[in-house]
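Read through the structure below, which is laid out as structure tokens, and then see the notes.
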Amino acid sequence: MNQTIPIASDHGGFEMKQFLIGKLEAVGYTVRDYGTHSADSVDYPDMIHPLATAISRNEYPLGIILCGSGNGAQMTANHHTHVRAALCWNVELAKLARQHNDANILTLPGRFIPCDLAWEIVQAFLSASFEGGRHTRRVEKIEQF
Ligand code: RB5
């Protein structure tokens, strides 16, 4: 596999991030880890903004972010132009986020789902594709206001 996946979390998503990095690398992805690098308390925007900036600049097609609930990370990322960060806690939501919303960042709630489920969600997100069609018009309207 020749794709780099950027990933970022605060302390609330740190353990799950480390688990997912291991899984991603085991199946052949290259991972760019934007931190955090320990379980010490940090402020999620400090890790999420740099990753979201890279996605906004098209440096990577897809990324993964985590915090305890997922909300703070998602809210931070969605301030960036061309970023569509989707908070997903099951496989179906992850598929729909790609298929219907062309989400380019998967957001996971590190304190509310098990790591094994998070890995299933990641695989679903990375393997699903945007369906286009009527969804293209809707996604374009997200930034038109
Ligand atoms: C950190 O305690 C927690 O607030 C953070 O990980 C996240 O849940 C914020 O939205």
Side-chain angles (χ1 to χ4, degrees), residues 1 3-131 135-136 138-145:
M1 193 146 337
Q3 187 178 346
T4 299
I5 305 294
I7 192 166
S9 78
D10 71 352
H11 53 291
F14 174 69
E15 187 181 328
M16 184 175 286
K17 175 171 71 67
Q18 300 311 111
F19 175 85
L20 292 175
I21 289 172
K23 290 289 190 183
L24 286 162
E25 290 180 341
V27 299
Y29 288 99
T30 299
V31 178
R32 165 76 162 88
D33 185 0
Y34 281 82
T36 186
H37 300 292
S38 80
D40 294 347
S41 182
V42 290
D43 299 334
Y44 52 83
D46 294 340
M47 279 61 62
I48 304 304
H49 278 311
L51 183 149
T53 298
I55 293 287
S56 180
R57 292 177 178 163
N58 266 319
E59 292 175 22
Y60 312 96
L62 300 173
I64 302 169
I65 58 175
L66 313 87
C67 67
S69 65
N71 277 320
Q74 184 202 32
M75 289 176 188
T76 303
N78 278 327
H79 272 275
H80 291 254
T81 307
H82 307 318
V83 163
R84 290 176 298 281
L87 177 55
C88 302
W89 62 94
N90 68 31
V91 165
E92 192 59 23
L93 287 169
K95 286 182 188 168
L96 284 171
R98 290 287 303 121
Q99 292 168 344
H100 289 190
N101 311 115
D102 201 14
N104 48 17
I105 296 184
L106 170 64
T107 314
L108 293 166
R111 289 179 174 153
F112 289 88
I113 58 173
C115 282
D116 285 341
L117 175 57
W119 174 230
E120 287 181 34
I121 292 170
V122 166
Q123 292 173 95
F125 185 81
L126 296 180
S127 59
S129 301
F130 183 47
E131 290 178 356
H135 301 297
T136 300
R138 295 165 185 170
V139 169
E140 285 172 355
K141 284 186 177 181
I142 292 174
E143 294 191 13
Q144 295 167 0
F145 56 91

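Counting starts at 1 for both ligands and their atoms, following the listed order.
Formation of a donor-acceptor pair under 3.5 Å by the Asp43 side chain with backbone atoms of Asp46 is not found in this model.
Ala103 is linked by a side-chain contact (heavy atoms from CB on, under 4.5 Å) to Ala86, Ala97, Phe125, counting only residues two or more places apart in sequence or in another chain.
Screening residues 4-17 for side chain to side chain donor-acceptor pair (under 3.5 Å) gives Lys17-Asp33 as the qualifying pairs, with residues at least two apart or on separate chains. Annotation: salt bridge (Lys or Arg N to Asp or Glu O under 4.0 Å) contacts involving residues 95-107, sequence neighbours excluded, comprise Arg84-Asp102, Arg98-Asp102.
The aromatic rings of His49 and His80 lie tilted to each other, with the angle between the two planes from 30° to 60°.
Near ligand 1, heavy-atom contacts under 4.0 Å come from Asp10, His11, Tyr44, Cys67, Gly68, Ser69, Gly72, Arg111.
Around CH2 of Trp89, the count of heavy atoms belonging to other residues, nucleotides or ligands within 6.0 Å does not exceed 12.
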